[in-house]
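Encoded as structure tokens, the structure appears first; notes follow it.
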Amino acid sequence: MKGRILIVEDEPALSRSLGIFLESKGYEVHCEDSFQKAKSFSRFRPDLAIVDLNLPDGRGTDLIERLREKDSSLQALLITAEVSVNTNIVEAVKNDIFYFIAKPFELSVLLKLTEKALSQKELIRQNENLKANIRKQYRFDQMIGQSEALLKVTDLMRKTAQTASTLLITGESGTGKELVARSVHCARDSSAPFVSVNCGAIPKDLMESEFFGHAKGAFTGALYNRKGRFEMAEGGTLFLDEIGTMDLHLQVKLLRVLQEKEFEPVGECRPIPCNVRVIAATNMDLEKAVERRAFREDLYYRLNIIPISIPPLRERKEDIPLLLNHFIKIFNKGKDSKITGISEEALESLCHYFWPGNIREMENLVERLSVLKSGGKIEFGDLPEKYRLSKNQNMSLSTVSIPSHGVDFNEAVNQYENAILMKVLEKTNWNRRRAAALLNLNRTTLVEKLKKKGLKPPENLPDERRRFLNSAS
């Protein structure tokens with residue numbers, strides 16, 4: 001059965017001939033001859049209604065409106081014998097009719113319009129399913145983990161989801177900042193646009209045009225009018241990733257948009273109203289960036305209305321088994337592998353690993369194992385060497401001494417991280433590409449960490465190599 005069609009036509013001969021013709025083409029057809037009969041007939045849920053404009057007891061457009069109260073995606077084809085075609089067009093558009101056809105008409109024309117209308121119905125159905133899948137994918141209960149640290153994040157996400165307030169999401173690279181932003185967006189309105197911008201990936205001289213658009217002829221190469229990201233995100237969310245890398249000149253313009261709710265495209269003087277929720281994210285300490293005058297203080301406070309801090313994976317160890325099983329299931333399906341689980345020894349080793357790349361690093365590891373192993377349990381020997389930690393290597397916790405006055409946890413972690421970075425950089429002679437590969441980090445992430453921590457190449461490096469590193473930082 002290709003689809004259900006309701007025909008409402010008061011001419012018996014025409015109604016019968018249309019029904020027979022469409023049934024012969026594989027459609028399920030039901031016919032009625034009046035407004036009231038069609039309106040009260042509820043057992044038949046049509047995909048398409050073919051309705052005469054002038055029925056004995058009402059207007060066809062009113063009937064379609066009633067039918068769409070039960071099914072908003074119902075497609076409609078209006079039949080008319082009136083001479084004033086322009087009036088019919090206006091009324092059809094006004095009532096969102098799919099199409100109209102004037103009597104007399106060829107059955108072949110009717111068939112083409114029927115097929116087109118039902119194709120539109122199928123597209124609407126697929127779109128609704130896609131939206132439902134997106135809502136399911138980004139539901140808060142889809143956040144994998146049961147640690148107290150993660151539960152605090154999801155609770156804060158729920159509280160902020162239905163507001164239009166600006167969010168500032170902080171956390172290390174790979175912790176899932178964009179996932180949090182998308183989940184908050186979808187919880188409010190998954191049908192609205194979600195536009196993501198990596199501020200660190202846009203060349204400095206193109207950033208203003210990327211954000212606010214430009215007019216034709218505004219600069220060399222501006223051959224046409226172009227929408228910016230703010231205009232693309234109208235009515236929805238603009239996600240500004242790596243906001244800490246944004247140029248100071250653009251920070252001033254962004255601040256004005258957040259305050260005035262309007263912007264001006266490059267080359268134009270007319271302001272455009274802006275109804276966009278901004279969610280920003282960074283792995284930098286923006287307060288320290290403000291102190292260094294690398295980030296505007298007024299913009300920081302405008303963005304930091306509702307802060308959400310995502311903990312690194314090493315601070316939510318109890319979530320590691322859940323995340324590993326989650327990624328195994330995903331890659332079993334996507335890579336057609338048949339991994340059945342992970343051995344106790346391998347799991348213990350991964351639970352004690354430091355995870356500098358956080359969840360993204362774990363996802364990459366499981367994908368690699370799913371390709372190389374393809375089936376069975378993941379054993380300790382299957383893990384790459386740096387993930388194989390024995391009980392005596394578990395961060396040497398048994399040798400750590402805690403003074404009576406306690407320790408500054410964040411400073412201790414920072415010192416440990418610095419030690420790892422320096423050891424790998426020394427091993428690679430400060431080749432940041434090779435060091436990033438050993439640390440399983442993106443090169444840009446490593447460079448940003450070095451800047452943030454103020455780590456510089458030692459003086460005993462060859463002068464030429466040191467000058468190159470300083471100029472590239």
Side-chain angles (χ1 to χ4, degrees), residues 127-128 130-140 142 157 160-171 173 175-215 218 222 224-247 249-268 270-283 299 302-308 310 360 444:
N127 188 41
E128 289 300 321
L130 179 61
K131 288 178 182 177
N133 288 335
I134 290 173
R135 285 192 293 269
K136 181 179 179 181
Q137 181 181 357
Y138 293 110
R139 285 202 322 254
F140 297 148
Q142 295 297 309
M157 289 165 62
T160 60
Q162 299 307 319
T163 74
S165 299
T166 304
L167 304 184
L168 179 60
I169 305 172
T170 57
S173 292
T175 50
K177 294 186 288 293
E178 183 166 351
L179 174 63
V180 170
R182 286 185 179 274
S183 298
V184 171
H185 164 79
C186 289
R188 190 177 185 213
D189 185 1
S190 61
S191 64
F194 180 91
V195 178
S196 178
V197 185
N198 186 325
C199 299
I202 302 173
K204 180 179 176 180
D205 55 345
L206 295 179
M207 289 188 80
E208 189 171 352
S209 173
E210 280 290 325
F211 277 89
F212 309 121
H214 63 251
Y224 50 85
N225 293 337
R226 184 183 186 278
K227 286 184 178 181
R229 303 302 179 97
F230 269 96
E231 196 168 353
M232 293 177 189
E234 179 64 22
T237 300
L238 180 62
F239 175 59
L240 303 179
D241 198 9
E242 296 190 28
I243 187 71
T245 64
M246 181 178 285
D247 182 70
H249 171 70
L250 193 63
Q251 289 181 29
V252 176
K253 294 183 176 291
L254 175 59
L255 178 63
R256 183 179 183 278
V257 176
L258 295 175
Q259 289 175 336
E260 306 298 332
K261 302 298 182 184
E262 63 182 27
F263 63 91
E264 292 180 1
V266 179
E268 292 191 12
R270 59 180 182 89
I272 297 177
C274 175
N275 176 28
V276 173
R277 180 185 197 175
V278 171
I279 300 179
T282 182
N283 58 11
L299 178 59
R302 177 63 65 174
L303 292 172
N304 198 36
I305 294 175
I306 302 177
I308 297 180
I310 306 178
R360 186 184 296 124
T444 54

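Since the model is a prediction, treat every value here as computed from it, not as a measurement.
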(request) Quick one: pull up OG in Ser165 and CD1 in Ile306 and give me the separation to the nearest 0.5 Å. (result) 4.0 Å
(request) Determine, step by step, whether Leu255 and Val252 satisfy the side-chain contact (heavy atoms from CB on, under 4.5 Å) criterion, reporting the C-alpha distance in whole Å, the side-chain angles of both residues, the deciding distance to 0.1 Å, and the verdict. (result) CA-CA 5 Å; Leu255 178 63; Val252 176; 5.8 Å; no
(message) When you compare the side chain of Leu238 with that of Ile279, does any pair of heavy atoms fall below 4.5 Å?
(response) no
(request) Quick one: closest heavy-atom pair of Ala281 and Leu168, and the distance? (result) N-CD1, 4.4 Å
(message) Would the distance check show the side chain of Gln259 and the main-chain N or O of Arg302 forming a donor-acceptor pair, the cut-off being under 3.5 Å?
(response) no
(message) On a heavy-atom basis, which atom in Ala192 and which in Gly236 lie closest, and how many Å separate them?
(response) CB-CA, 3.8 Å
(request) Please report the shortest heavy-atom distance between Cys199 and Thr245, naming the atom on each side. (result) C-OG1, 3.4 Å
(request) Specify the closest pair of heavy atoms between Thr166 and Val278, including all atoms of both residues, with the distance to one decimal. (result) CG2-O, 3.2 Å
(message) Could you tell me if the side chain of Lys261 sits less than 4.5 Å from the side chain of Pro273, heavy atoms only?
(response) no
(request) Given side-chain contact (heavy atoms from CB on, under 4.5 Å), test Val195 with Thr237 step by step and report yes or no. (result) CA-CA 6 Å; Val195 178; Thr237 300; over 6 Å; no
(message) Working note: Leu258 + Leu299, criterion side-chain contact (heavy atoms from CB on, under 4.5 Å); need CA distance, chi angles, decisive distance, verdict.
(response) CA-CA 9 Å; Leu258 295 175; Leu299 178 59; 3.9 Å; yes
(message) Counting C-beta onward and ignoring hydrogens, is there a side-chain heavy-atom pair between Leu240 and Leu254 closer than 4.5 Å?
(response) yes
(message) Looking at every heavy atom in both Ile272 and Glu231, which two are closest together, and how far apart are they?
(response) CD1-OE1, 4.3 Å
(message) Quick one: does any side-chain atom of Lys253 pair with a main-chain N or O of Glu208 as donor and acceptor, under 3.5 Å?
(response) no
(request) Would you name the heavy atoms of Arg256 and Glu262 that are closest together and state the gap between them? (result) NH2-OE2, 3.3 Å
(request) Rounded to the nearest 0.5 Å, what's the gap from CD on Glu242 to CG on Asn198? Could you check? (result) 4.0 Å
(message) Any heavy-atom pair between the side chains of Pro193 and Met232 that's under 4.5 Å?
(response) no
(request) To the nearest 0.5 Å, tell me how far Met246 CE sits from Ile202 CD1. (result) 8.0 Å
(request) Check whether any side-chain heavy atom of Phe211 lies under 4.5 Å from a side-chain heavy atom of Val197, and answer yes or no. (result) yes
(request) Measure the CD-OG distance between Glu178 and Ser183 for me, rounded to the nearest 0.5 Å. (result) 10.5 Å
(message) Has Arg277 got a side-chain atom pairing as donor or acceptor with Thr163's backbone, closer than 3.5 angstrom?
(response) yes
(message) Parallel, tilted or perpendicular: which one describes the rings of Phe263 and Phe230, with boundaries at 30° and 60°?
(response) tilted
(message) What I want to find out is whether Glu210 reaches Arg226 closely enough, with some N-O distance under 4.0 Å, to be called a salt bridge.
(response) yes
(message) Distance check, rounded to the nearest 0.5 Å: Glu234 atom CD versus Cys274 atom SG?
(response) 6.0 Å
(message) Looking at Phe212, is its backbone amide N or carbonyl O close enough to the side chain of Arg229 to form a donor-acceptor pair, meaning the two atoms are under 3.5 Å apart?
(response) no
(message) Donor-acceptor pair, distance only, cut-off 3.5 Å: does the side chain of Glu268 make one with the backbone of His214?
(response) no
(request) Take Asn283 and Thr170 through the side-chain contact (heavy atoms from CB on, under 4.5 Å) test and state the conclusion after the steps. (result) CA-CA 6 Å; Asn283 58 11; Thr170 57; over 6 Å; no
